[in-house]
Amino acid sequence: MLETGVILFVSFGYMGLLFGIAHYGDKRADAGRSIISNPYIYALSLAVYCTAWTFYGSVGLAVGSGLGFLTIYIGPTLMALLGWSIWQKIIRISKIHRITSIADFIASRYGKSTTLGGLATNIAVIGVIPYIALQLKAISTGFLLITQYPDISAPFSFSDVPVMFDPAFYIALLLAVFAILFGTRHLDATERHEGLVAAIAFESIVKLAAFLTVGIFVTYFIHNGFGDLFQKAAVYPDPQNTLGAKPGSGSALLFDKYLTIKGQSFSYTDWSIYLLISMLAIVFLPRQFQIAVVENVNEEHLNKAIWLFPLYLLAINIFVLPVAFSGILRFPDGNADADFFALTLPMAERQQLIAMFVYLGGMSAATGMVIVETIALSTMICNDLVMPVLLRLPIEEMGLRQDYSGLLLTIRRCSIVLVLLLGYAYFRTIGEFYALVSMGLVSFVAVAQFAPALLGGIFWKGGTRTGAICGLLAGFAVWTYTLFLPSLVPAGIISDVFVTRGPMGIELLKPFELFGLQGFNQISHAVFWSLLVNTGAYIGASIFSRPRTIEHTQAALFVDVFRYSEEAGESHFWRGTASLPDLRSLLVRFLGRRRTDEALADYADKRKLSWNYLVTADANLVSYAERLLAGAIGSASARVMVASVVKEESLGIEEVLNILDETQQVIAYSRELEKATAELQEANRRLKDLDRLKDEFISTVTHELRTPLTSVRSLAEILHTNPDIAVDQHKNFTGIIIKESERLTRLINQVLDYEKIESAQMDWVIIATDIKEVIEDAVASTRQLVEDKNIRIDYELIDNPPLISGDRDRLVQVMVNLISNAVKFCDSDRGKIIIRLTANAEQVQVDVEDNGIGIRARDQNKIFEKFQQVKDPSRGRPYGTGIGLTISKRIIDFHHGQIWVKSKPGIGSTFSFSLPTHRETALTSYKRS
Ligand code: ADP
């Protein structure tokens, strides 16, 4: 069944299926009914991380170094669980700034620098080529193996297979077609590729299912489950070790080697370093950036993906060790390539269907990676490498072209083909000599070089363009020297003396033992040196270089991305305006007329603008246009283009710093300001109230003074002009005069008392006082008032109440005030007042109850405040000053007592006060002022 023709048919059939799925996904997206907008598809598409390296290579690595293969999956798991906030931040920044690739991200952060964009692109392309080669090698090897069915061991060399007959070559071309069709449909790269993502998610399902199938087959059908397989392995001697083993050196058992992490070839240091680079790779590999960031539909999908994705990694790794053990047991003579045990085991067992499925799984793992990676790289090459060069061409030539969108797409398509051909070339010349994993790791180390500039860029405002350039250059140079150049040695491109004795015989410069550093494996060694010099150069140069204005603004926008809102974002830092037609034609050139119109209509819609009346574009619109362009041609080029039509009043560094400072502080300020304003307003309101009350007070007092004065004066005039007035008449008049004068005196005293109390200048005479006497005094001095209105007073007084410490005259004043108020608000003749005295050991209490008009609940608290009189139309104009109760309260307060009222309108009021009983010791404390 497994003839070459069938295999070819199935392979291309599978590719056809992928085309179908991608096409369907795109169609649904165009119709506005996305099939990828959910966290499960997002998590599955993230699994593009698992390539042929995982599918085939993990087993190979396990055979070589035991559990070490797991680091490549533990790293991303850690990153997903612990570092998701980094992801979230990168996604948010990229969405706001329409960032389309990792190179663009770095360029944009450091002042939209074309230099940096180009540098990062070069690193990405060169760094990832071996990784793409790995996939092509896996596809090719898989094909050659399965077509030799059932022979698994036939040694072959790729040099025997001419390119023309290498199916990997045609599959590479097919992949290029796929990437072109589904990855470069539109120009705006921020517009996601839904069909592509759908296809990638599907491939993730296929590769997982295939690996689980072969795992289950090996574990449960060839052997009797995990226990059985592990037991067999436990007593099996390590083939590699027994070959040249000296007695007692290292472990001689296979099992020991695989289930301990300190095997000779894989130390703890290696473990940690592999963990580190795989943590970085999951974020910085161009294809991961593409899927996780650029293709992200909704930030919230991340929340689910951070645990779904690690689950996927776990699932695809469960059977790695069983397959590895089983392969060693089944092919003890070592004539089968450990990298391909997953395929050769079912072949050896003559399970054609399983072998076929595994072959397809391997294809899906490899093709998914290649497709996404080439698309990601092509965007970078176009936006950050080719565009900046194009834009530097003389302006006239640029002017000739009306529409660039076609040109840009062509550049991207050519880049895809170019990258694939480079990958294929690397595989054909060099890949042959390396195991799959080693090739992948070389790429991991390359992309890890982005870490300092990128992580520094989103958390440290001090990172500068110069710093980033120095860091990347230094790191990349070390990578080239310690990994890339040595990888050319086996193919004979570079003499092996370079590795064994160092360049020109300088031992210190041996690429695997730089400066004499030993005890690392080649990868860890390269990671150590490259990241060390990279980080060092980045930080050092950042500290010693002066950032330009735009670097400052970008630094702030990136580091504080969650503070600056999407729309306002960049326009903070613009003052430029442009002519609208100019701006529009610029957009049309790169995006095409239709998409430009759509985008502008969208903008106008959101802001309720009408283009008919606009001729100039303001700063907001300009930065919107720049972001649109950035999506198409990268942020650096977009800036150059927009600058050409904008009359930019460039902001000085001082100004930008000011804006930054302001925006940061304005929020805090405005909050404080709001609070302060509210307080001020409240205080102002209170002052106004008081002012009004004082006016009223003055008018009441003068009114109160005038009434008795008028009667005193008119009576005195009568007496003066009629000296012979009748005696009883005379007596009557003088009586009134005396009473009115007393009233005047009382009033004036009240005001004076009030003033004294308020300014704390009252003299107090505190002595042990009998409250009953106080009451009697007060009743005596109000007798006239009471009798005038014919009001009845009842007394309910206990005998021998305890003494209190107090100023007798002042307390009498309080009582007089309460009684005269009660009289004042009672009806003549029907009025009735009860004066009550109660006491316990602690305190005495006096109540003055009347059956007068009463006080509404809402007024009951107010009347003790100064100048407050109850205003009620039914009462008419209140007479009195409004300070009687205030004075009473002050006096009672001074005695550490309490005063309050209970009242029901229409029924009556009870004013009460309580005073602590007399204590010898307490006396002194009262004797103040
Ligand atoms: P005034 O000199 O105006 O009476 P007070 O401070 O003694 O000033 O009283 C304040 C206000 O409390 C009075 O204007 C009145 O409206 C209300 N009030 C006081 N005592 C009584 C009471 N026994 N019955 C009804 N209202 C009262």
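As the structure is a prediction and not an experimental result, all values here were calculated from the model. Just so you know, ligand 1 is whichever comes first in the structure, and atom 1 is the first atom listed for that ligand.
- Using a 4.0 Å heavy-atom cutoff, G852 is absent from the residues neighbouring ligand 1.
- Close contacts between ligand 1 and F911 involve ligand atoms 19 (C), 20 (N), 21 (C), 22 (C), 23 (N) [criterion: under 4.0 Å to a heavy atom].
- Atom numbering of ligand 1 starts at 1 in the shown order; those under 4.0 Å from a heavy atom of K824 are 1 (P), 2 (O), 4 (O).
- For ligand 1, the polar-atom distance check against D850 finds a nitrogen or oxygen pair separated by under 3.5 Å.
- Remark: E598 pairs with R594 by the salt bridge (charged side-chain N to carboxylate O under 4.0 Å, His left out) rule, at least two apart or across chains.
- The neighbour count for N861 CG, taken as heavy atoms of other residues, nucleotides or ligands under 6.0 Å away, does not exceed 12.
- Every residue meeting the salt bridge (charged side-chain N to carboxylate O under 4.0 Å, His left out) condition with E682, not counting sequence neighbours, appears here in chain and number order: R685, R686.
- For the pair L885 and ligand 1, the shortest N or O to N or O distance falls below 3.5 Å.
- D850 contributes a side-chain N or O that, together with a main-chain N or O of S909, makes up a donor-acceptor pair within less than 3.5 Å.
- By the 3.5 Å distance cut-off applied to N or O atoms, Q750 is not counted among the residues near ligand 1.
- Ionic pairing of D691 and K694 is not present here: no N-O contact between side-chain nitrogen and carboxylate oxygen is shorter than 4.0 angstrom.
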